[in-house]
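Heads up: the structure comes next, in structure tokens.
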Amino acid sequence: MSFVPSSILVTGGAGFIGSNFIHSFMAGNPDCTVINLDCLTYAGNLKNLVGVEQSLRYRFVKGDIGDAALVAGLLENERVDAVVHFAAESHVDRSITGPEIFVRTNVLGTQILLEESRKHWQSGRVSDFRYLQISTDEVYGSLGETGFFTEETPLTANSPYSASKAGADLLVRAYHETFGMPTLNTRCSNNYGPYHFPEKLIPLLIHNIINRKPLPVYGDGLNVRDWLHVRDHGAAVETVLKKAVPGSVYNIGGNNEWRNIDIVNLVCDLLDERLQRAAGENRTLITFVKDRLGHDRRYAIDASKLKQDLGWSPAYTFEQGIAETIDWYLANQEWVTEVTSGSYREYYQQQYGGGAR
Ligand code: NAD
Ligand code: TYD
């Protein structure tokens, strides 16, 4: 049996993963209306939504998930039958220098969204309802050299970012256990792809290589991340929304572990070719820098439950996905200039006293 939403509230739809989700969801669900609630922090950019903005089935609302009255009004007036909650503060490094906003947005914001969703669901205005919480494998903490995170792995978050996401996940669980609310919770590995803000590793590398700037590698460069294309993440979220039993949790990942230094070398080499630089030239930009505080050593996701229960598996190979991503950045330099100006530049000036990286 499948749940077919007719009006979804997407939060954080101007960010990296939310905007990619809106593009593919709108294309694949011609009868569903999408309301995008985003307060446009430094990470939110309406340029990510070019192509869908004109649609009569799309509406953008600039606002905060923590604004209960606004959320309540949207749920009621738009007859929302599914909430897909991407909005968050998402960068680990920022959570180390300024954790408060992470708690405010990721924990308190989520609680407000849950509470308004509960009232809306219980009002009986819509015949069926789902609340889907987008989360991260980082809530499980860090792995040693072997093993994988399953949905049963205890939450042992280590950074202020992952702790705030774990707090939100527990609230989602509480709303299901306490009120019987039809919640869903997905936990995905590291994403890459178009519209990724260039403070995260892969887009930062591409941006800095193009501009011949140093490539900061934290610590020994041997930390491991499990990379998934953002459109594969979106497809998995859609599958869970439509097919999963309320109350369930699903890991999302593509079995694609890379040591950071290997990713750095790969991106350097692919860009040597594309920028017609000498073989090995970009690798000379690699600069080992002080390690991130509390840097999780390894993440690796076991997504077999999602595959077995709901039949999802990734469509992109990493080879194809990373090549397409690099080509997208090369073709969209204007987008990069746009998002790295304004408040991002101010942030870097405050943090580092220089220009944006
Ligand atoms: P992002 O930082 O690119 O985008 C976040 C968006 O949320 C922005 O558009 C921002 O303006 C908006 N936002 C922030 N605070 C808000 C508020 N109070 N009210 C309304 N909007 C607000 O993040 P992303 O990388 O797209 O991540 C989206 C979600 O996926 C997050 O919940 C994140 O924890 C999760 N996730 C990310 C990854 C990853 O690799 N990036 C992996 C797994 C899970
Ligand atoms: P990031 O993209 O910030 O994602 P997360 O911390 O959520 O996994 O970082 C990915 C990995 O790359 C992580 O191990 C930290 C490392 N890293 C660097 O070595 N240099 C950088 O400049 C950044 C941003 C990250």
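Ligands are counted one by one from 1 in listed order, and the atoms in each one are counted from 1 as well.
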Nitrogen or oxygen of [X] less than 3.5 angstrom from that of ligand 1:
X	value
Asn45	no
Asn191	yes
His196	no
Leu37	no

Can you name the atoms of ligand 2, numbered from 1 with element, that are less than 4.0 Å from a heavy atom of [X]?
X	answer
Glu138	5 (P), 7 (O), 8 (O)
His91	3 (O)
Val92	6 (O), 7 (O)
Glu199	24 (C)
Val217	19 (O)
Pro216	18 (C), 19 (O), 20 (N), 21 (C), 22 (O)

### Message
Apply side-chain hydrogen bond (donor to acceptor under 3.5 Å, both in side chains) to residues Asp232 and Trp312 and explain how you reach the verdict.
### Response
CA-CA 9 Å; Asp232 279 329; Trp312 175 87; 5.2 Å; no
Within a distance under 4.0 Å of any heavy atom of [X], pick out the atoms of ligand 1 and give their elements.
X	result
Thr41	10 (C), 11 (O), 14 (C), 15 (N)
Asn190	40 (O)
Thr136	43 (C), 44 (C)
Ser90	1 (P), 2 (O), 23 (O)
Tyr161	33 (C), 34 (O)

#### Entry: The single option from Arg118, His120, Arg125 passing side-chain hydrogen bond (donor to acceptor under 3.5 Å, both in side chains) against Gln122
Arg118
Out of [options], who gets a non-hydrogen atom closest to [atom]?
atom	options	result
atom 2 (O) of ligand 2	Val289, Asn260, Leu201, Val224	Leu201
atom 44 (C) of ligand 1	Gly15, Ala168, Cys188, Ser135	Ser135
atom 8 (O) of ligand 2	Arg225, His295, Arg94	Arg225
atom 21 (N) of ligand 1	Ala43, Ala88, Cys39, Gly13	Cys39
atom 9 (O) of ligand 2	Arg292, Lys200, His196	Arg292

Which heavy atom of the protein is the closest neighbour of [atom], given with residue, atom name and distance?
atom	answer
atom 9 (O) of ligand 1	Asp38 OD2, 2.5 Å
atom 13 (N) of ligand 1	Ala87 CB, 4.0 Å
atom 27 (O) of ligand 1	Ile17 CD1, 3.7 Å
atom 3 (O) of ligand 1	Phe16 N, 3.0 Å
atom 29 (C) of ligand 1	Phe86 O, 3.1 Å

### Query
Any chance the side chains of Asp226 and Ser189 put a donor and an acceptor closer than 3.5 Å?
no
### Distance-only polar pair, side chains of Tyr299 and Glu138, donor-acceptor under 3.5 Å
yes
### Task
Using a 4.0 Å heavy-atom threshold (strictly under), name the region of Leu204 that reaches ligand 2: side chain, backbone, both or neither.
side chain
### Query
For ligand 2, which part of Asn190 has a heavy atom less than 4.0 Å away: the side chain, the backbone, both, or neither?
side chain
Would [X] count as a contact residue for ligand 1, given that I'm defining contact as a non-hydrogen atom of the residue lying under 4.0 Å from a ligand atom?
X	result
Thr11	no
Ser19	no
Ser189	yes
Phe197	no
Tyr42	no

Taking non-hydrogen atoms only, is [X] closer than 4.0 angstrom to ligand 1 via side chain, backbone, both or neither?
X	result
Phe21	neither
Asp64	both
Lys165	side chain

### Task
Test the Arg225-Tyr192 pair against the cation-pi criterion, namely NZ or CZ under 6.0 angstrom from the six-membered ring centroid and within 45° of the ring axis.
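Because its charged atom misses either the 6.0 Å distance or the 45° angle limit, Arg225 does not stack over Tyr192.
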### Query
Rounded to the nearest 0.5 Å, how far does CG of Asn223 lie from CG of Asp296?
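With rounding to 0.5 Å, CG (Asp296) is 8.5 Å from CG (Asn223).
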### Task
Check the angle between the aromatic planes of Tyr329 and Trp335 and answer parallel, tilted or perpendicular using the 30° and 60° thresholds.
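Tyr329 and Trp335: perpendicular rings.
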#### Entry: Sub-6.0 Å ring centroid separation between Tyr175 and Tyr131
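Centroid distance Tyr175-Tyr131: not below 6.0 Å, so no.
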